[in-house]
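Note sheet for the following structure.
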Amino acid sequence: MNLLNVLKLTPTKDRHLVNKKALDTLCQGLSYFRPFISNKTPQLKDYLCSHFRLSIMQNIRNVAIIAHVDHGKTTLVDKILEACQFFKDHQKPGELVMDNNDLEKERGITILSKNVSVQYKGTKINIIDTPGHSDFGGEVERVMNMADGVLLLVDAFEGPMPQTRFVLEKALEAGLKPVVVINKVDKENCTPDEVHEKVFDLMFALDANEDQLDFETLYGSAKNGWMSADWQKPTDNMFAVLDAIIDHVPAPVQEKGNSQMMITSLDFSKYTGRIAIGKLKRGELIPNQQVSLVKRDGSVTKSKIKELFVYDGLAKVKVEKVTAGDICAITGLEGFEIGDTISDPENPEALPSITIDEPTISMLFTINDSPFFGKEGKFVTSRHIKDRLELELERNLAMKLKETNAADSFLVFGRGVLHLAVLIETMRREGYELQIGQPRVIIKEIDGVKCEPIEELTIDVPEHHSGKVIEFVSTRKGNMLTMEPKGDVMHLEFEIPSRGIIGLRNTLLTTTQGEAIISHRFKEFQEHKGNIPQRINGSLISMENGGAIPYSLNNLQDRGKFFVESNQAIYEGQVVGEHSRPGDVVVNLTKAKKQSNVRSSGADEKIKIVPPQIFTLEEALEYIQADEYVEVTPENIRLRKIHLKEHERKRARNAAFAN
């Protein structure tokens, strides 16, 4: 009997778990195995495992794809799915299938790590797509223990970037061996061979062992759908990557002992509730099994598994048993968190907890108390905001929450402005109204010395703009480490305090006419670098509630640039523009042109108003000063002073000077 017939007799839900090579061998050589085949028993897989001690684990590969932002991870996953004929001929999935979140689609970046599985040459390959932006490094750290190997993607033109170093360091610390994929070799002026040498040098600098340094390297263009061992010999398929995963990523190690699984991710279903996701380290799990839940603080609670799922493509498939080494999803557990261990009910043993790097910035989240509060959002009270932030803590390990002296304000700590901006944007779309204070860098005292986070800043910019860029970064306490030409751009590397990066992006993009490519990652805590100059220009503040009248906007254009459109509703204390000079100025945009017996309201020359500057959420957060808030509602992003009344602002300034 051939292998195809054996697989036909295997239940559909178990077919993706069958070790095809082992089945083929047994079917050809074991005569006493034929009765089991003819009886079409559903226990085919179980019989093979128990009587012939076959390790189905040997047919599983768990691999994480890691890289710097925009080096092509999600595109590579798309092409792997196509190569494995995951989609039917009539299906048109489009690009970036894994980026299914609205924010991910809009921004063109991966924010949350996700799982997908494919079948190739009888092997089930579990692929974990991870974010490339340094602010979402926590997503990379928590999924590393689900992987047994990594695909490290590097751009053939840019080479190793700051986040490449970060994700590679985490992979090497976890003892994973990388398969290096040098992507985008079709780019103009790319240098694949030089990039390969740089990757080796980087791994050597990160103390990789001899086995890790002996890595497999592939070249190609994921966008064009090909990979090869030689970048000068293009192919027409992605099989080289899949073969490298099977040959160079080890199968999960089979350990003896009771069931043990670390929960590394969460999902939610409105039908089954919270879902725990992780890789089963040892043993096996079945539905309705009693288990112990070992919390991160060491406490143990009893629980019960309701249903088990494994990944089949992009979907989850219900199964009757999960064996060690596979990535699975579990429903029915109660009170679990990321980092908890599912263990044997009689002899609970905890796995080492997930270690996450410390946050580097904090922001104040408070209720919206502006005159426009409650007009657009559904959730406006401090209880709503607190409950939502505590819910986020369950899945966002890199975030921390701290209550303040005020009952309606909370300090939220994160990896960067973008990290918390994504949370704020998500809350905004869910119907929350809130106000956010200026991002503040976390200052630590180490051995009696005041220290602050230092970041590694990389800027690629046209050569004629490089002088201005260096000048701007230097004024923010940046220390230049590298300056080298790369094609037709200049590659600059700096060490700079995190305080200096806040608000730097907008300035550099304006100066370089949008041509600067900026990336940064946290490096270490160093001694405090002293004062850094902030925004020099003051704010234009609204004097009254009302609408922004075009007549007033036109008359006040020489005072600065505005952030509001004609006839837009504004309120007293709202920041409506940027003053052209230092110092805040209160202006009245609600003043209309007076009519009289001599002149009518529309008899003057045509008004020409400069279009307003519209901020994105991150730009607004980086723009505000210490005495300002960003007001976030489902429909608007506004800037405002903390104290709306002019006399309150004067009183607060006097109190600050007195102290």
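Keep in mind that what you see is a predicted model, and the values were worked out from it rather than measured.
Annotation for Pro352 and Met262: closest pair O-CE, 2.8 Å, computed over non-hydrogen atoms. Nearest heavy-atom pair across Asp340 and Gly335 is OD2-O, 4.3 Å. The two residues Val291 and Ile305 have their closest heavy-atom pair at CG1-CD1, 3.8 Å. Of all the heavy atoms in Pro348 and Val294, the pair that sits closest is CB-CG2, 3.9 Å. Closest heavy-atom contact between Ala244 and Leu218: CB-CD1, 3.7 Å. Heavy atoms only, all atoms of each residue included: Val417 and Met363 are closest at CA-CE, 4.0 Å.
Note on residues 297-307: pairs passing salt bridge (Lys or Arg N to Asp or Glu O under 4.0 Å), not counting sequence neighbours, are Glu307-Lys318. Residue pairs meeting the ring pair (Phe, Tyr, Trp, His ring centres under 6.0 Å) criterion with at least one member in residues 383-403, sequence neighbours excluded: Phe379-His384.
To the nearest 0.5 Å, atoms CG (Leu401) and CD (Glu392) are separated by 10.5 Å. To the nearest 0.5 Å, atoms OG (Ser259) and CG (Leu285) are separated by 5.0 Å. To the nearest 0.5 angstrom, Asp267 atom CG is 10.5 Å from Phe309 atom CZ. How far OG1 of Thr123 is from CD1 of Ile246: 4.0 Å, rounded to the nearest 0.5 Å. The CD atom of Gln260 sits 11.0 Å away from the CD1 atom of Ile342 when rounded to the nearest 0.5 Å. Atoms CD1 and CZ, on Ile361 and Phe413 in that order, are 10.5 Å from each other to the nearest 0.5 Å.
A donor-acceptor pair under 3.5 Å links the side-chain atoms of Thr341 to the main chain of Leu351, judged by distance alone. Judged by distance alone, with hydrogens and angles left aside, the side-chain atoms of Ser117 form a donor-acceptor pair with the main-chain N or O of Tyr311 at under 3.5 Å. Not one N or O on the side chain of Thr331 forms a donor-acceptor pair closer than 3.5 Å with the backbone of Ile275. In this structure, the side chain of Glu433 does not engage the main chain of Pro634 through any donor-acceptor pair within 3.5 Å. A donor-acceptor contact shorter than 3.5 Å links the side chain of Arg61 to the backbone of Val249. Although no hydrogens or angles enter the test, the distance criterion places no donor-acceptor pair under 3.5 Å between the side chain of Asn126 and the main chain of Ile60.
Two residues are said to be in side-chain contact when any heavy atoms from C-beta on lie closer than 4.5 Å; Val167 and Thr130 fail this criterion. The closest side-chain heavy-atom distance from Ile127 to Val63 is below 4.5 Å. Within the 4.5 Å cutoff, the side chain of Met399 has heavy atoms near those of the Leu393 side chain. Glu173 places none of its side-chain heavy atoms less than 4.5 Å from the side chain of Met144. In this structure the side chain of Phe215 reaches within 4.5 angstrom of the side chain of Val199, judged on heavy atoms. In this structure, Thr264 and Lys279 have side chains that are not in contact, with every pair of non-hydrogen atoms separated by 4.5 Å or more. In this structure, Ile128 and Ile327 have side chains that are in contact, with non-hydrogen atoms separated by less than 4.5 Å. Counting only heavy atoms from C-beta outward, the side chains of Pro178 and Met203 approach each other to under 4.5 Å.
For NZ of Lys295, the number of neighbouring non-hydrogen atoms (other residues, nucleotides, ligands) closer than 6.0 Å is greater than 12. No more than 12 heavy atoms of other residues, nucleotides or ligands sit less than 6.0 Å from atom CD of Glu334.
The side-chain hydrogen bond (donor to acceptor under 3.5 Å, both in side chains) test applied to Glu349 returns Arg282, not counting sequence neighbours. Applying the side-chain hydrogen bond (donor to acceptor under 3.5 Å, both in side chains) test to Glu455 and every residue at least two apart in sequence or in another chain returns Ser498, His520. Residues meeting the ring pair (Phe, Tyr, Trp, His ring centres under 6.0 Å) test with Phe336, sequence neighbours left out: none. Qualifying side-chain hydrogen bond (donor to acceptor under 3.5 Å, both in side chains) partners for Glu284, counting only residues two or more places apart in sequence or in other chains: none.
For Arg165 and Glu169, the salt-bridge test fails: no basic side-chain N is under 4.0 Å from an acidic carboxylate O. One finds no salt bridge joining Lys177 and Glu216 here, because no Lys/Arg side-chain nitrogen approaches an Asp/Glu carboxylate oxygen to under 4.0 Å.
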Kindly indicate, with the supporting measurements, whether the criterion ring pair (Phe, Tyr, Trp, His ring centres under 6.0 Å) is fulfilled by Phe525 and Phe522. CA-CA 9 Å; Phe525 276 86; Phe522 170 73; 5.6 Å; yes
Going through the checks in order, is the side-chain contact (heavy atoms from CB on, under 4.5 Å) test met by Lys124 and Asp326? CA-CA 9 Å; Lys124 179 184 181 183; Asp326 206 353; 3.1 Å; yes
Lys79 and Met227: side-chain contact (heavy atoms from CB on, under 4.5 Å), yes or no, with the steps? CA-CA 10 Å; Lys79 298 302 179 182; Met227 285 289 160; over 6 Å; no
Determine whether Phe365 and Ile424 satisfy the following criterion, side-chain contact (heavy atoms from CB on, under 4.5 Å), listing intermediate values before the conclusion. CA-CA 9 Å; Phe365 283 49; Ile424 298 164; 3.6 Å; yes
Could you walk me through whether Leu364 and Arg440 satisfy the side-chain contact (heavy atoms from CB on, under 4.5 Å) test, starting with their C-alpha distance in whole Å, then the side-chain angles of each, then the deciding distance to 0.1 Å, before giving a yes or no? CA-CA 9 Å; Leu364 183 74; Arg440 296 180 183 275; over 6 Å; no
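Considering Thr164, Val179, Val181 as possible partners of Leu152, the one that fulfils the side chain to side chain contact (heavy atoms under 4.5 Å, CB included) test is Thr164.
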